[in-house]
Amino acid sequence: MKKRDMLQDCEAARLYSHEFRHAQQYESFGSREAFMEEYLHRVLTFGFNRAPLELDAREFEVEHM
């Protein structure tokens with residue numbers, strides 16, 4: 001496997017794990033709508049980089065394959 005392909009695979013794994021965490025989050029809120037309302041409220045309150053649901057998703061990311 002080429003180094004470029006491996007880097008793309010690692011980035012894809014990181015992105016998928018981050019987004020899968022958001023899916024778990026919205027399931028815990030009961031709906032995507034309830035999740036989005038809270039997600040946007042927290043982003044507007046704390047800023048994107050410090051929003052609790054984003055921080056949680058970043059902690060869940062797979063960094064290495």
Side-chain angles (χ1 to χ4, degrees):
M1 182 179 275
K2 295 179 185 177
K3 185 175 182 178
R4 180 178 172 183
D5 292 339
M6 287 176 50
L7 291 173
Q8 288 175 337
D9 287 348
C10 287
E11 182 61 20
R14 186 198 64 75
L15 177 61
Y16 289 144
S17 61
H18 181 101
E19 296 307 324
F20 286 144
R21 183 58 172 181
H22 284 313
Q24 290 175 330
Q25 290 169 344
Y26 78 66
E27 286 176 352
S28 74
F29 278 90
S31 70
R32 283 181 279 178
E33 293 78 13
F35 164 76
M36 287 306 298
E37 183 176 334
E38 186 62 24
Y39 178 88
L40 292 174
H41 171 73
R42 293 179 184 192
V43 167
L44 292 172
T45 301
F46 298 102
F48 180 78
N49 289 325
R50 295 185 308 162
L53 293 170
E54 267 307 308
L55 292 174
D56 178 67
R58 280 190 220 123
E59 288 179 18
F60 194 78
E61 291 175 5
V62 172
E63 294 184 18
H64 306 285
M65 289 181 53

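Grouping the Ile, Leu, Val, Met, Phe, Trp and Tyr side chains by contacts below 4.5 angstrom, directly or via other members, places Val62 apart from Leu15.
Counting heavy atoms from C-beta on, the side chains of Glu33 and Met36 never come closer than 4.5 Å.
Through side-chain heavy atoms spaced under 4.5 Å, either directly or across other Ile, Leu, Val, Met, Phe, Trp or Tyr residues, Phe20 is tied to Tyr16.
Residues that satisfy the side chain to side chain contact (heavy atoms under 4.5 Å, CB included) test with Ser28, not counting sequence neighbours, are absent from this structure. Ala23 is linked by a side chain to side chain contact (heavy atoms under 4.5 Å, CB included) to Tyr26, counting only residues two or more places apart in sequence or in another chain. Residues passing the side chain to side chain contact (heavy atoms under 4.5 Å, CB included) test with Gln24 are Arg21, Phe60, sequence neighbours excluded. With sequence neighbours left out, Tyr39 forms a ring pair (Phe, Tyr, Trp, His ring centres under 6.0 Å) with His22, Phe35. Evaluation of the side-chain hydrogen bond (donor to acceptor under 3.5 Å, both in side chains) rule for Glu19 yields no partner, not counting sequence neighbours.
Annotation for Asp56 and Gln25: closest pair OD2-NE2, 2.9 Å, computed over non-hydrogen atoms.
Sorted pairs that involve residues 22-31 and meet salt bridge (Lys or Arg N to Asp or Glu O under 4.0 Å), not counting sequence neighbours, are lacking altogether.
A salt bridge does not link Arg58 to Glu61: none of the charged side-chain nitrogens sits closer than 4.0 Å to a carboxylate oxygen.
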Kindly list each side-chain donor-acceptor pair under 3.5 angstrom involving residues 42-51, sequence neighbours excluded, with atom names and distances?
| from | atom 1 | to | atom 2 | distance (Å) |
| --- | --- | --- | --- | --- |
| Arg42 | NE | Glu38 | OE2 | 2.6 |
| Arg42 | NH2 | Glu38 | OE2 | 3.3 |
| Thr45 | OG1 | His41 | O | 2.8 |
| Arg50 | NE | Phe46 | O | 3.3 |
| Arg50 | NH2 | Phe46 | O | 3.4 |

